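Notes follow once the structure below has been shown.
It should be emphasised that the depicted structure is a prediction, and the values quoted were computed from it without experimental measurement. Reminder, nothing fancy here: chain letters follow the sequence lines and each chain counts from 1.
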Amino acid sequence: MYALADCNNFFVSCERVFRPDLWNKPVVVLSGNDGCVVSRSNEVKALGIPMGVPLYQIRDKVEKYGITCFSSNFSLYGDMSDRVMSLLRKHTTRFEQYSIDEGYIHIDHISPERQKTYCEQIVREIYQGTGIPISMGIAPTKTLAKVASKYAKKHKGYHGACLIDTEERRRKALEMFAVGDVWGVGRQARTKLHAAGITTALQFADRREEFARNLLHKPGLLTWRELNGIDCIDLGEMAQKQSITRSRTFASAVTELAVLEQQITDFCSSCARHLRAQQSVCRQLTVYAVTSRFRTDSVSHTIWADISLPVATSNTGELIEYALRALREQFQAGAPYKRAGIILTHILPAAHALPDLFDTRDRQKDERLQLTLDRMNDRFGKYTIQYATATMPAANADASVYKREHCSPLYTTDIRQILQVCV
DNA sequence: TCTGGGGTCCTAGGACCC
DNA sequence: TCTGGGGTCCTAGGACCC
């Protein structure tokens, strides 16, 4: 049996932990540049404000209902997530973290009749230990556990934990569950299912296996099996990322090459740090910068460069070199670039990297330098030593190309804020 | 005017091999 | 003039997730 622990309105809940005055008040968390709504409190959901809506489209409601808006603060959410996950891990020998706010506990070591009360206890423990409210769904497959967690979240009577352990409960739960809300059923699949006259999860589960395979191929087939109680989705451990991305949309369009160079430099530094942290190297680097996809009245241009690296690397300086060269080659003067980013792919363990016969770099020296820089930045702060084309951290607050007007303090990761909270 | 960011997996089709 | 069949690997693009 799986028990899925799913944090309720996670980003909003993180903000509320440090702002108890906002309990029972309408609150949203916004995406980068304060663009879209990415997390909503129950009060906001009740107002009919959908997920992902741009802030400017709901300005009147924000005003009218006094909705509190937060810019996203990922240092805070990441830290709160770590706290929740470490408490969850204590309850099982097999824990699979699925996202920043969800994880699956294997609970076969708990006798069937105690599983629900056991999970109710976990819900209370997490709340007491972190201030984050969670819901739990218990079932023989991950997809059914997801369904159960939605019921637990929706109805107070479950005390935070809903159990699907019998055929009767499975059928009843699926009968009242919209097929489009099933984990793994997206927009396309939903449209196809509706066209076939299927609107509930039970109607889908009750069709023949061949139907699911023919209509939705392998992913749909797996979902069908899971809904019928056959455990077949393996999340795997995935300790090593297969691709690493950094990208940002700018508050207003960028036309200066130098500004793009700074951004790309920052992205390279951040990705390369991540790469080294998981002890891997990459063989491909993609650099891009694009103009707004919503504007039709200005110059449209796409910079896109896939660069095959001669030797797999995690060296920040080397990545910056290749990235900036491609950027400069394709940069078009006058184009208003609204978003830029880099993607590292073809990632492999550093120990598996092959040397190149015609290599011109002193790799051992590079590595020693990189290690030294990492140590200095770990010890004295993230921006102690940077590459010269990077943005100046001091300038970040004022002259930033990003907008973050409603950011909460770094309550849990900045020593000055931690002291404030303690006081 | 203002519209996020970071991932994974699957599939079809092309290149290439014998 | 006649021009197969079976396989692997790679990649781009799509669908989906939070």
Side-chain angles (χ1 to χ4, degrees), chain A residues 4-12 28-40 50-60 62 69-74 77-78 81 96-104 142-143 146 149-150 180-193 213 215-223 232-253 263 267 270-271 274 278 283-284 286 288 290-298 304 306 308 336 338-347 402-405:
Chain A
L4 168 66
D6 191 342
C7 300
N8 301 345
N9 316 328
F10 183 56
F11 297 168
V12 163
V28 296
V29 172
L30 305 167
S31 63
N33 295 311
D34 301 336
C36 299
V37 171
V38 294
S39 181
R40 303 163 295 160
M51 186 69 165
V53 70
L55 178 62
Y56 74 90
Q57 288 178 6
I58 55 160
R59 284 272 184 217
D60 50 331
V62 170
C69 299
F70 287 96
S71 304
S72 38
N73 182 347
F74 277 91
Y77 312 149
S81 172
E96 296 176 84
Q97 183 170 348
Y98 175 62
S99 70
I100 195 168
D101 73 332
E102 283 168 85
Y104 288 95
K142 296 193 175 81
T143 306
K146 272 267 195 189
S149 76
K150 298 261 176 93
D181 293 338
V182 173
W183 187 42
V185 177
R187 242 193 16 247
Q188 300 294 322
R190 187 186 61 204
T191 306
K192 287 183 187 173
L193 288 164
R213 191 205 307 271
L215 192 73
L216 305 173
H217 312 286
K218 187 173 174 185
L221 179 63
L222 294 184
T223 299
C232 56
I233 291 180
D234 186 14
L235 297 176
E237 276 307 300
M238 274 299 158
Q240 293 221 329
K241 293 269 185 273
Q242 297 177 38
S243 76
I244 297 172
T245 300
R246 290 293 178 278
S247 69
R248 288 290 177 276
T249 299
F250 309 126
S252 56
Q263 296 302 316
F267 298 152
S270 172
C271 284
H274 193 134
Q278 64 170 39
R283 267 183 29 235
Q284 179 155 301
T286 298
Y288 66 92
V290 295
T291 48
S292 174
R293 60 197 169 105
F294 299 103
R295 299 278 297 258
T296 50
D297 58 338
S298 55
W304 191 279
D306 287 318
S308 286
K338 186 66 179 169
R339 175 182 169 77
I342 73 161
I343 308 166
L344 304 185
T345 48
H346 293 69
I347 289 172
Y402 309 121
K403 184 173 148 192
R404 273 181 108 192
E405 284 178 358

Taking CD1 from Ile347(A) and P from dT8(B), how many angstroms apart are they, rounded to a whole number?
8 Å
Under 4.0 Å, counting only non-hydrogen atoms across every strand here, what does Val185(A) touch: a base, just sugar-phosphate, or nothing?
sugar-phosphate
Nucleotide dC18(C), atom P - distance to CG of Asn8(A) in whole Å
14 Å
Between CD of Gln57(A) and C1' of dT1(B) the distance, given in whole Å, is 13 Å
For nucleotides 11-16 of chain B, give me one character per nucleotide, 5' to 3': B if any protein heavy atom sits under 4.0 Å from the base, S if the only such contacts are to the sugar-phosphate, - if neither.
S-----
Nearest of dT8(B), dG6(B), dC18(C) to any side-chain atom of Arg248(A)?
dG6(B)
Would you mind reading off the distance between Lys241(A) atom NZ and dG6(B) atom C1', rounded to a whole angstrom?
9 Å
As a test of reading the structure: which of dC2(B), dC18(C), dG7(B) is closest to the side chain of His274(A), going by heavy atoms?
dG7(B)
Can you tell me which residue among Ser99(A), Ser39(A), Ser81(A) is in a side chain to side chain contact (heavy atoms under 4.5 Å, CB included) with Phe10(A)?
Ser81(A)
Please tell me whether Phe74(A) and Phe11(A) form a close aromatic pair, meaning their ring centres lie under 6.0 Å apart.
yes
Write down the distance between CG (Asp234(A)) and P (dC17(C)), rounded to a whole number of angstrom.
18 Å
Among dG6(B), dC2(B), dG4(B), which is the nearest nucleotide to the side chain of Tyr56(A)?
dC2(B)
Under the criteria of a ring-centre distance below 5.5 Å and an interplanar angle below 30°, is Tyr98(A) stacked with the base of dC18(C)?
no
To the nearest Å, how far apart are Gln263(A) CD and dG5(B) P?
11 Å
Using whole Å, what does the distance between atom P of nucleotide dT8(B) and atom CD of Gln240(A) come to?
11 Å
With a non-hydrogen cut-off below 4.0 angstrom, is Ala189(A) in contact with a base, only sugar-phosphate, or nothing?
sugar-phosphate
Can you find a side chain N or O atom of Thr245(A) that sits less than 4.0 Å from OP1 or OP2 on dG7(B)?
yes
If you assign Arg246(A) and Cys36(A) each to the DNA chain B nucleotide with the nearest heavy atom, which residue ends up on the more 5' nucleotide?
Cys36(A)
Would you indicate what Lys338(A) reaches in the nucleic acid, counting non-hydrogen atoms under 4.0 angstrom: base, sugar-phosphate, or nothing?
sugar-phosphate
Relative to the ring of Trp183(A), is the ring of Tyr98(A) parallel (under 30°), tilted (30 to 60°) or perpendicular (over 60°)?
perpendicular
Scan Ile244(A) against the nucleic acid and name what it touches under 4.0 Å (heavy atoms): base, sugar-phosphate only, or nothing.
sugar-phosphate
For a quick check of understanding: with a heavy-atom distance under 4.0 Å over all strands, which category does Val29(A) fall into, base, sugar-phosphate or nothing?
nothing
Any idea which of dC18(C), dG5(B), dG7(B) is nearest the Trp183(A) side chain?
dC18(C)
Say we look at dC17(C) and dG4(B): how far apart would their C1' atoms be, to the nearest angstrom?
15 Å
Classify the side-chain pair Ser247(A)/Arg339(A) by whether it contains a donor and acceptor separated by less than 3.5 Å.
yes
Phosphate contact (dT3(B) OP1 or OP2) by Arg339(A) side-chain N/O below 4.0 Å:
no
Distance-minimising heavy-atom pair for Ser31(A) and Val38(A)
CB-CG1, 3.7 Å
For Arg59(A), report the nucleic acid contact type (base, sugar-phosphate, nothing); a contact means any heavy atom under 4.0 Å.
nothing
Base-pairing assignment for dC18(B) (Watson-Crick or G-U wobble, both under 3.5 Å):
dG5(C)
State, to 0.1 Å, how close His274(A) and Arg246(A) come at their nearest heavy-atom pair, and which atoms those are.
ND1-NH2, 3.6 Å
Does Thr249(A) have a side-chain nitrogen or oxygen under 4.0 Å from the phosphate oxygens OP1 or OP2 of dT3(B)?
no
For Ile233(A) and Lys142(A), which heavy atoms make the closest approach, and how far apart are they?
O-NZ, 2.9 Å
Examine dC10(C): is either OP1 or OP2 under 4.0 Å from a nitrogen or oxygen in the side chain of Arg283(A)? Give yes or no.
no
What are the two closest non-hydrogen atoms of Phe250(A) and Asn33(A), and how far apart are they?
C-ND2, 3.6 Å
Remember a base hit wins even if backbone is also touched, and classify Asp101(A) as base, sugar-phosphate or nothing at under 4.0 Å, heavy atoms.
sugar-phosphate
dC10(C) C1' sits how many Å from Asp306(A) CG, rounded?
14 Å
Does the pair Ser71(A) and Arg404(A) meet the rule for a side-chain hydrogen bond (donor to acceptor under 3.5 Å, both in side chains), with working shown?
CA-CA 6 Å; Ser71(A) 304; Arg404(A) 273 181 108 192; 5.3 Å; no
Report which part of the nucleic acid Arg190(A) touches: base, sugar-phosphate, or nothing (heavy-atom distance under 4.0 Å, all strands).
nothing
Can you tell which of dG7(B), dT1(B), dT3(B) lies closest to the side chain of Phe294(A)?
dT3(B)
Please pick, from dG7(B), dG6(B), dC17(C), the nucleotide with the shortest atom-to-atom distance to any side-chain atom of Ser247(A).
dG6(B)
